[in-house]
2 protein chains.
Amino acid sequence: MGYPITANVSERQSAPPSLAISTVIFALRTAEGESRPSLWLPLVRRIREPFKGQWALPGGPLRHSESLQSAASRNLAETTGLNPRYLEQLYAFGGLQRAANCSPAVLAPRVVSIVYWALVQPTEAALALESDNVRWFKADALGSASARDLAFDHNEIVAYALWRLRNKLEYASIAYHLLGEKFTLAQVREVYEAVLGRELDPANFRRQLKATPHIVATEEYLQGGKHRPPRLYRYTGNTESFSQSQPNPDPSIRASSK
Amino acid sequence: MGYPITANVSERQSAPPSLAISTVIFALRTAEGESRPSLWLPLVRRIREPFKGQWALPGGPLRHSESLQSAASRNLAETTGLNPRYLEQLYAFGGLQRAANCSPAVLAPRVVSIVYWALVQPTEAALALESDNVRWFKADALGSASARDLAFDHNEIVAYALWRLRNKLEYASIAYHLLGEKFTLAQVREVYEAVLGRELDPANFRRQLKATPHIVATEEYLQGGKHRPPRLYRYTGNTESFSQSQPNPDPSIRASSK
DNA sequence: CCAAAAGTGTTATGTCTACACCCATGG
DNA sequence: CCATGGGTGTAGACATAACACTTTTGG
């Protein structure tokens with residue numbers, strides 16, 4: 001895999017570590033037979049050694065004239081057909097034992113992976129192509145301590161991404177990126193409950209939300225439910241933490257009243 | 001790594017981007033003529049193009065059989081002689097315009113930098129070798145918006161590292177890594193004041209500190225001051241966020257009483 | 001009318017902030 | 001005994017959590 005065998009003269013020793021970009025993509029889905037939505041992510045099946053046949057994060061090499069972020073963006077579009085609303089760098093993994101339990105004696109070359117994480121809307125996620133080599137999995141099943149079935153160290157990467165998502169959800173306004181343009185406050189609460197894995201008090205939750213900026217009430221109500229129709233809201237904040245390039249000293253932090 | 005669908009042999013145009021590791025090293029120093037300590041960081045002078053002669057973050061290439069973290073550790077030891085108590089990955093920079101204002105028409109090859117940040121104790125920092133090619137600078141002067149004198153995009157990297165340090169100081173127990181083994185609570189407050197750039201109420205600050213775990217009072221008092229001798233404390237928490245390898249779902253987070 | 005979600009009000013509890021106050025030391 | 005930083009106490013402002021309560025819809 002990996003590094004082009006450039007007949008570069010300076011390449012005397014061993015080849016330098018090659019670079020790849022991968023992405024952990026999160027979306028909300030309601031499983032068959034379940035009432036509440038949960039977190040899912042798409043994986044692709046490896047078609048070559050090492051770890052041939054196992055599931056892995058979508059990813060690929062960094063092209064010569066693209067930024068890290070756009071490499072991530074292009075790559076996940078190519079492999080899964082998705083266009084995330086939110087995309088942020090997660091971590092650079094360069095561990096040496098990354099291909100530790102590599103099946104036979106395939107000596108895998110050293111690879112440094114720069115991993116991004118993304119949030120996509122349910123509508124996007126619904127259109128996402130699913131094939132024999134691309135499938136969605138429940139995030140918590142992959143990211144728990146016991147999980148050990150993905151290629152490379154991808155189980156740990158998923159676990160870390162999950163940790164980061166949970167963490168960031170509590171202080172930044174990112175939940176809206178998992179929803180459509182208009183949403184009810186109860187839907188936002190469902191996002192929080194799905195991600196954090198615990199139930200939240202509806203009354204207090206709605207007050208907190210209404211106190212945050214960039215949440216504006218529309219004049220529309222969601223019809224079709226069994227009960228009182230809830231009002232729809234819209235998020236008017238930076239839908240671009242998708243901002244080009246750099247690290248972003250967190251524009252999406254929820255203005256806390258302190 | 002895993003690029004099942006796209007990546008194939010067609011990707012062998014120009015040489016792949018090369019990888020480098022750099023580190024932003026913070027230490028507390030009391031400048032001549034000033035009463036309060038402030039944040040400083042060491043830079044090295046570039047001895048080759050591009051940006052020859054300008055100051056840059058210490059860094060170097062990633063060797064074949066070392067982890068990213070140990071590459072950072074080794075590199076900053078080689079260039080500055082320092083052994084930090086705290087070392088954490090900051091960000092992977094791979095922008096294309098990194099060598100934008102490159103002096104002449106030197107066409108710089110694409111470089112992806114994985115940047116770490118570190119905290120060292122004052123005693124360490126004092127021993128640090130300072131030469132014609134290694135010098136300490138005040139952090140806020142380099143990390144402000146106007147600053148534009150470092151090589152590559154290193155001013156922005158310093159600014160981001162500063163942001164991260166300030167941010168993390170407020171929720172994690174990292175201030176102790178900038179102090180010696182024993183310290184007074186007022187010294188911890190000085191760290192906070194120097195990093196955050198504002199004064200804190202001594203009374204409230206000490207209460208907050210004493211409420212956090214891993215701060216234990218010794219039976220010793222700091223003698224030699226002009227006034228009442230303050231009690232010395234010790235930090236007994238993980239001095240190893242320096243933990244090998246992986247991303248660490250933040251062990252150093254200050255246990256908040258919620 | 002009933003069930004249940006939408007939405008509002010109220011109270012207890014805890015945390016943060018400002019600031020008054022006492023303690024201990026060098027000069 | 002005085003100035004100053006070390007250290008403790010306390011009252012108000014503010015945020016959070018628990019839960020009672022009213023409103024509005026479908027059935």
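Because only heavy atoms are used, hydrogens play no part in the values below, and waters and symmetry mates are left out as well, while side chains stay in. In the text below, chain A, chain B and the rest are named by the order of the sequence lines, each starting its count at 1.
- Atom CG of Leu185(A) is separated from atom C1' of dG7(C) by 10 Å (rounded to the nearest Å).
- Between the P atom of dA5(C) and the CZ atom of Arg206(A) lies a distance of 14 Å, rounded to the nearest Å.
- With rounding to whole Å, Leu200(A) atom CG is found 13 Å from dT16(D) atom P.
- Rounded to a whole Å, the OH atom of Tyr221(B) is 9 Å from the P atom of dT25(C).
- Here salt bridge (Lys or Arg N to Asp or Glu O under 4.0 Å) pairs that include residues 133-147 of chain B, with residues two or more places apart or in two chains, are Glu34(B)-Lys138(B).
- When the P atom of dA15(D) is taken as reference, atom NZ of Lys210(A) falls 17 Å away, rounded to whole Å.
- Using a cut-off of 4.0 Å between Lys/Arg side-chain N and Asp/Glu carboxylate O, Arg189(A) and Glu199(A) are scored as not salt-bridged.
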- Message: Using a 4.0 Å heavy-atom cut-off to protein, can you give one letter per nucleotide of nucleotides 18-26 of chain D, 5' to 3': B if the base is in contact, S if only the sugar-phosphate is, - if neither?
- Response: BB---BBBS

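- Taking the six-membered ring wherever Trp is involved, the centroid distance between the rings of Tyr235(B) and Tyr233(B) does not fall below 6.0 Å.
- The ring of Trp55(A) has its center closer than 6.0 angstrom to the ring center of Phe137(A).
- Ion pairing of Glu193(B) with Arg198(B) is absent here, as no side-chain N (NZ or NE/NH1/NH2) approaches a carboxylate O to less than 4.0 Å.
- One can place CG of Leu209(B) at 14 Å from C1' of dG6(D), the figure rounded to the nearest angstrom.
- In this entry the distance linking CD of Gln208(A) with C1' of dG7(C) reads 16 Å, nearest Å.
- If you measure from atom CG of Leu222(B) to atom P of dG5(D), you get 15 Å, rounded to the nearest angstrom.
- Residue pairs that meet the salt bridge (Lys or Arg N to Asp or Glu O under 4.0 Å) test with at least one member in residues 202-215 of chain A, sequence neighbours left out, do not exist here.
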